[in-house]
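Below you'll find the structure, written out as structure tokens, and then a few comments.
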Amino acid sequence: MLYPQSNSHRQTIELSGFWDFCFDPQDLGPANGWQNGFADGRPIAVPASWNEQFEEERDYLGAAWYQTEFGLPWGWKEKQIVLRFGSVNYLAEVWLNGRALGTHEGGHLPFEFDVTSLMKQSANQLVVRVDGRLAFDRVPPGNVTGESADFFPSHASNYPQAQFDFFPYCGIHRPVLLYATPRTFLSDLTVQTDILGSNGRVQVRVEFDGDAIGVARSHLSGHGHQSAHETAFSNALAEMVIDVPNAALWSSSTPNLYDLVIELVQNEEVIDSYALKVGIRTVSVAADQLLINGEPVYLRGFGRHEDFPVIGRGYLPALIVKDYALMKWIGANSFRTSHYPYSEQMVDLADQLGFLVIDETPAVGLYFSEQGLEKRNAVCNQYVREMIARDKNHPSVIIWSLANEPHSASPHVRPFFERLYKEAKRLDSTRPVTLVSFVGGDEEAFAFCDLVCLNRYLGWYTYAGRLDEALPLLSNELDLLHEKFGKPILLAEFGADAIPGHHAQPPEMFSEEYQAELLVRYIELLRQKSYVIGEHIWNLCDFKTSQGITRVGALNHKGVFTRDRRPKLAAHRIRALWSQSDQ
Ligand code: GCB
């Protein structure tokens, strides 16, 4: 899926701003014809979560309606017109001028509709019903009951009862775009890169939609290189191989990007074009190492959340820039998109700034009771497909993560993840695929995943306050896991809550000192293990979650920065450690 852009063949406008909004707790909308528009809405900002924009209804997770109006932009009459949503959480139903466009399940991933035949000259009315309910058969799940093996009993008394530890923000979270392309247009590009000696190889697969087309043309430029290629289409597909002598490779320390422009050419006339940044690099897992461009890398970084006061999970460009600035300052080179794919813009900047990204689907807190299993399977499959379609061309994305902390005790688990793993590999054979587990040796999926990713909280949820006992146990477990699976291990989460301003000497839980000590001692341990390929601290910043007895102020305080991005003691300690690292 290509992100919309503007050039001499395409145009994109953003429908962000103030829309009309209405909560619908009794689900009156459908029967009252709100699909055709509703009266007495109140203003709401798009994109942003609805939960913190008003003085009530913070915890409202039911149905709500959005509407806005727009005219046909100048010069779009003969164009193909598409309406695109970057992320709507959780279930979206969309109508344009009273006609149903379709539905989309799941937040954090884009979906779009061809609206060419429905557009009017003016007053096009767009209506969106968003259903944010938490339910056992949704992914991620919530309001779950049943056998305790199937879910987190510790979350059962939280409010809202999400089976995951972040606030279940709802609404239109990322920009809504309207874009125009020619009627015959580039529909997809897939770029894969390789390295042959000192040369780079860029393979481009070009697809189009519409009338038969002659050839695809490419222009690649940057770092002293300039080349053009032309390939004829066969069955609506053109494949090109572009060799780049003495390529300037992409890595986290040298995020070199080339400019690629692809054109559709009919009778010597360019009828559509699309520009893409390309980073030439390879990723592989070999023996106990993660290799970028054949060189071992060690991941220093974080799990993070898209989370900020008032805007909730809404797209906020300044926050993206700030978080990258903090990660640079502290010496991080990587992060995981815990626990859902982040905005396209976040990934664009990772390409540009040189961050290594583990891209994770929204499948967090999965459980496997028979009820709803088929649906869960279908939604997870959809997430894998949508995430790879969206992010496959980003050099910064080095690993796909299928899930975070599935409840892996059931016999359904292995076939469930085997299918997802195969699907991810079918769609992209160039990147390692994994999942992030809390069960360790019992995670059967590690038998076929390309690396082991583990979350561990010894010294916090277990061995509370007893780091001297916790660390040898962790050390032992890591060795056993490595012996069992023979794969490199990433510690994908470890950490401790610290209430900013709370101090204790000797360190004790919830103090800034305890958090700093736990993180530093974990890192010292990890650095002794040759098979450990990285350390991802949980979390970059404090973030909002459900209310519960372990979450003071409904925040998870495991951030090394506060929710408003001020450093805790741990941030300074980690910076001192990480700034000594070479890349
Ligand atoms: C975990 C989860 C993460 C939580 C974290 C915690 O294992 O993956 O979503 O926020 O623990 O702080 O409990």
Side-chain angles (χ1 to χ4, degrees), residues 107-108 134 139-142 144 151-169 301-307 313 335-342 358-367 401-409 434-440 442-443 445 452-465 470 474 477 489-500 509-510 514-515 518-519 522 534-563 568 570:
H108 323 287
L134 288 172
V139 182
V144 172
F151 65 106
F152 285 113
S154 58
H155 290 15
S157 57
N158 288 355
Y159 182 68
Q161 200 243 63
Q163 279 300 305
F164 46 91
D165 181 23
F166 48 95
F167 193 82
Y169 281 116
F302 297 93
R304 186 184 161 268
H305 269 296
E306 290 183 326
D307 172 89
R313 193 140 292 120
F335 61 91
R336 173 168 60 115
T337 70
S338 50
H339 297 306
Y340 39 79
Y342 296 167
I358 300 177
D359 209 353
E360 183 161 283
T361 75
V364 49
L366 269 185
Y367 74 114
S401 165
L402 302 173
N404 180 71
E405 300 197 346
H407 294 269
S408 291
T434 190
L435 58 78
V436 179
S437 178
F438 70 107
V439 298
D442 292 335
E443 186 65 72
V452 168
C453 292
L454 200 66
N455 297 342
R456 278 294 171 267
Y457 289 95
L458 291 94
W460 188 256
Y461 293 121
T462 58
Y463 296 88
L474 175 67
E477 190 193 1
I489 299 179
L490 166 72
L491 199 61
E493 283 183 26
F494 58 103
D497 290 68
I499 308 295
M509 291 174 77
F510 291 101
Y514 189 79
Q515 180 191 39
L518 181 145
L519 294 176
Y522 264 66
E535 53 210 31
H536 275 181
I537 292 172
W538 190 256
N539 189 284
L540 180 68
C541 299
D542 294 347
F543 59 90
K544 181 149 180 69
T545 187
S546 294
Q547 299 176 62
I549 52 164
T550 60
R551 296 291 179 260
V552 180
L555 292 177
N556 182 311
H557 279 105
K558 293 191 187 69
V560 301
F561 296 92
T562 60
R563 199 178 186 210
K568 300 182 191 170

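This is a predicted model, so every value here is computed, not measured. One-based numbering along the sequence shown. For ligands, and for the atoms within them, numbers begin at 1 and follow the listed sequence. Heavy atoms only: backbone and side chains are in, while hydrogens, waters and symmetry mates are out.
- In this structure, the side chain of Q515 does not engage the main chain of A570 through any donor-acceptor pair within 3.5 Å.
- Side-chain contact check for N455 and N404: at least one donor-acceptor pair (N or O, by modelled atom type) lies under 3.5 Å.
- Between R313 and E306 there is no salt bridge, since no side-chain nitrogen of the basic residue lies less than 4.0 Å from a carboxylate oxygen of the acidic one.
- With no hydrogens or angles considered, a side-chain donor-acceptor pair links E443 and S408 at under 3.5 Å.
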Which atom pairs, nitrogen or oxygen on both sides, join ligand 1 and the protein at under 3.5 angstrom?
| from | atom 1 | to | atom 2 | distance (Å) |
| --- | --- | --- | --- | --- |
| ligand 1 | 7 (O) | E405 | OE1 | 3.1 |
| ligand 1 | 7 (O) | E405 | OE2 | 2.3 |
| ligand 1 | 7 (O) | E493 | OE1 | 3.0 |
| ligand 1 | 8 (O) | N404 | ND2 | 2.9 |
| ligand 1 | 8 (O) | E405 | OE2 | 3.4 |
| ligand 1 | 8 (O) | E493 | OE1 | 3.0 |
| ligand 1 | 8 (O) | E493 | OE2 | 2.7 |
| ligand 1 | 9 (O) | H339 | NE2 | 2.7 |
| ligand 1 | 10 (O) | D165 | OD2 | 2.6 |
| ligand 1 | 10 (O) | W538 | NE1 | 3.0 |
| ligand 1 | 10 (O) | N556 | ND2 | 3.3 |
| ligand 1 | 11 (O) | Y457 | OH | 3.4 |
| ligand 1 | 11 (O) | E493 | OE1 | 3.3 |
| ligand 1 | 12 (O) | Y461 | OH | 3.4 |
| ligand 1 | 12 (O) | N556 | ND2 | 2.8 |
| ligand 1 | 12 (O) | K558 | NZ | 2.6 |
| ligand 1 | 13 (O) | Y461 | OH | 2.4 |
| ligand 1 | 13 (O) | R551 | NH2 | 3.2 |

Derivation of the salt bridge (Lys or Arg N to Asp or Glu O under 4.0 Å) call for D359 and R336: CA-CA 6 Å; D359 209 353; R336 173 168 60 115; over 6 Å; no
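- Using a 4.0 Å cut-off between charged nitrogen and carboxylate oxygen, D307 and K544 do not count as a salt-bridge pair.
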